[in-house]
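A short write-up of the structure that comes next.
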2 protein chains.
Amino acid sequence: MSPEANPAPPAATGKKKRLSREIVLSAALALVDAEGLDALTMRRLGQELGRDPMGLYRYAENRAALLDGVSELVLNELAIFPDDPDWQAQLRRIAHDLRLLALRHPNVVPLLVTRPLSTPLGLRPLGTLRPLEQILSLLIDAGFAPADALHVYRAYYGFLYGHILNELQEFIVDPDENEALLRLGLHRLPPKDFPHLRALAPVLVDYDGMAELDEGITILLSGLAARLSLPEAPAKL
Amino acid sequence: MSPEANPAPPAATGKKKRLSREIVLSAALALVDAEGLDALTMRRLGQELGRDPMGLYRYAENRAALLDGVSELVLNELAIFPDDPDWQAQLRRIAHDLRLLALRHPNVVPLLVTRPLSTPLGLRPLGTLRPLEQILSLLIDAGFAPADALHVYRAYYGFLYGHILNELQEFIVDPDENEALLRLGLHRLPPKDFPHLRALAPVLVDYDGMAELDEGITILLSGLAARLSLPEAPAKL
DNA sequence: GCCTACAGTCTACATTGTAGACAAGTTGCT
DNA sequence: AGCAACTTGTCTACAATGTAGACTGTAGGC
């Protein structure tokens, strides 16, 4: 066989279409979803697109920017309706949506969480700031003073991200080995030092993340509503 | 000068003491604190210790293990008294301590947050699981049913980590340029799309993370205590 | 003394991100 | 159409990284 046998052995959408930022980012996301963050190298992504790796630099300044792009792409999947008059219901729905999003793209969560730590707020990709702006809008429209809206947002988003991290930590990718692996792992712990953790093994196994998130949100929202002079929302405390 | 001029030009604690895991990890932590995660390469750390980089592999199986070690080291700075009868006060104190810890080691926070995502619970470094076990112990001793203790822990730790991430995101390392940089960043945002965010600039600048954390904890703890049949703790709802 | 184990070093290599020169292809103008 | 300006894609090259494997000390036990 000639050295030029197959120009794009693995996946290549069309034959040789023009590239675009969206195409590149989508491919990157697909790769991360399928094989994890480490698999996302310039060469690998190039190969996945049937293109020279260097070409990618036309669509992302460097690898970090590419990661930001993936973050942005994922966050764009999140729908927010800033005009919903029932802010509590809306926040609750968003929370569940974001949770599902995270479960759908678990490998991207580290990006969502860490990339903002390396970039001052104002310089983040715009798509990343959209949820913040829209939720502020939602709250302000609902009658909160802007500063209070910010407080609510922070408590809410903080809790939400915390929950997602928590849940993903106990999330084992391979559902068959789930219980076995978990117990096996726990079994390794010295019983002297970790009695409670070991005893909780059965409870740990059937973690209902959705219910737990919902409870937390309920507590938080009613608590927030009580502490701040809330608008016409139907608070049942 | 000969090619063997100075064997350890930069920092070298003693002359040439025997290495140990603690020494290596401490140096690694110092390096991360000083220059960020990316600066922690095997060669650089070796140089910092005046040793050949390969020697480090005697004390950490690979780079990932080294990162885990740093996480563990930092978490060990956190003091927990699982015998305190006032669980609410204890949780509140721990929250503030952890927050300060995070502010002291901001570059380590990504590790604290992401490393557990790559390791099934049972296989984490033991030092990392200690807080979990001890808080469970605290709650169970205080009278919670074990399963409820787990719920409380999850809500609590979730919120706590979420808050820390939130706060660090708005934390600008250089305090002089803080306001300027922040506003500058925000100024870049298209006013059409981000009116609320831009308007909140002044509020964003003086973020009182400590107060905000405390309020959140208050809401969460009293909420949790109300929802679960709590023990003799003094709940003031 | 010698022998075994382990600490530390050296050399070497595959893999990564990315700069810079170039080629090929596309678009707009006249 | 024909040329020019620009955009896309490719190639070559290099410095930096993690780490395997062989080697060299050095310390302690007989």
Side-chain angles (χ1 to χ4, degrees), chain A residues 2-28 31-32 35-70 110-111 114-115 118, chain B residues 2-28 31-32 35-70 107 111 114-115 118:
Chain A
S2 87
E4 280 270 16
N6 33 8
T13 46
K15 327 279 132 130
K16 224 52 185 295
K17 269 211 58 177
R18 229 346 213 312
L19 239 41
S20 77
R21 185 172 162 87
E22 284 73 41
I23 297 182
V24 170
L25 291 183
S26 299
L31 189 51
V32 170
E35 309 188 27
L37 274 180
D38 292 342
L40 181 57
T41 75
M42 298 314 243
R43 291 176 222 266
R44 179 68 198 282
L45 183 54
Q47 170 182 337
E48 214 70 26
L49 290 162
R51 288 298 197 310
D52 186 286
M54 290 311 287
L56 303 175
Y57 286 94
R58 306 262 170 205
Y59 303 99
E61 197 146 322
N62 45 32
R63 183 162 185 271
L66 208 158
L67 295 179
D68 278 335
V70 172
L111 289 186
T114 45
R115 294 291 316 154
S118 348
Chain B
S2 86
E4 280 269 18
N6 33 8
T13 47
K15 329 280 133 127
K16 223 52 185 295
K17 268 211 57 175
R18 253 293 247 325
L19 241 43
S20 76
R21 185 173 161 86
E22 284 73 41
I23 296 181
V24 170
L25 291 183
S26 299
L31 189 52
V32 170
E35 309 188 26
L37 273 181
D38 292 341
L40 180 56
T41 75
M42 298 313 242
R43 291 175 222 265
R44 179 67 198 283
L45 183 53
Q47 170 182 337
E48 215 70 26
L49 290 163
R51 289 298 197 309
D52 186 285
M54 289 312 288
L56 303 174
Y57 287 94
R58 306 259 175 212
Y59 303 99
E61 196 146 324
N62 44 34
R63 184 163 185 270
L66 208 156
L67 295 179
D68 278 335
V70 173
N107 296 332
L111 289 187
T114 44
R115 293 293 315 155
S118 347

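To find a chain, count down the sequence lines: A is the first, B the second, and so on, and within it residues start at 1.
- Nearest heavy-atom pair across A:Leu25 and A:Leu66 is CD2-O, 4.0 Å.
- OP1 or OP2 of D:dG9 has at least one side-chain nitrogen or oxygen of A:Tyr59 nearer than 4.0 Å.
- When distances are taken from the side chain of B:Tyr57 to each of D:dG9, D:dT19, C:dA7, the shortest belongs to D:dT19.
- Both B:Ser20 and A:Pro53 lie close to DNA chain C; mapped to their nearest nucleotides by heavy-atom distance, the more 5′-ward contact belongs to B:Ser20.
- In the set D:dA13, D:dT8, C:dG8, D:dA13 carries the atom at the smallest distance from any side-chain atom of A:Arg43.
- Counting to the nearest Å, the C1' atom of C:dA7 and the CZ atom of B:Arg21 are 17 Å from each other.
- The distance from atom OG1 of A:Thr41 to atom CD of A:Gln47, rounded to the nearest 0.5 Å, is 8.0 Å.
- No side-chain heavy atom of B:Val32 sits less than 4.5 Å from a side-chain heavy atom of B:Leu67.
- When all heavy atoms of A:Ala28 and A:Val70 are compared, the pair lying nearest together is CB-CG2, 3.8 Å.
- Atom P of nucleotide D:dG18 and atom CG of B:Leu37 are separated by 12 Å, given to the nearest angstrom.
- The residue among A:Met54 and B:Met54 whose nearest nucleotide of DNA chain D lies closer to the 5′ end is A:Met54.
- Regarding A:Leu66, its CG atom lies at a distance of 13 Å from the C1' atom of C:dT18, rounded to whole Å.
- Applying the 4.0 Å criterion to OP1 and OP2 of D:dT8, one finds that A:Arg58 has every side-chain N and O outside that range.
- Taking atom CG of residue B:Leu45 and atom P of nucleotide D:dT19, one finds them 13 Å apart after rounding to whole Å.
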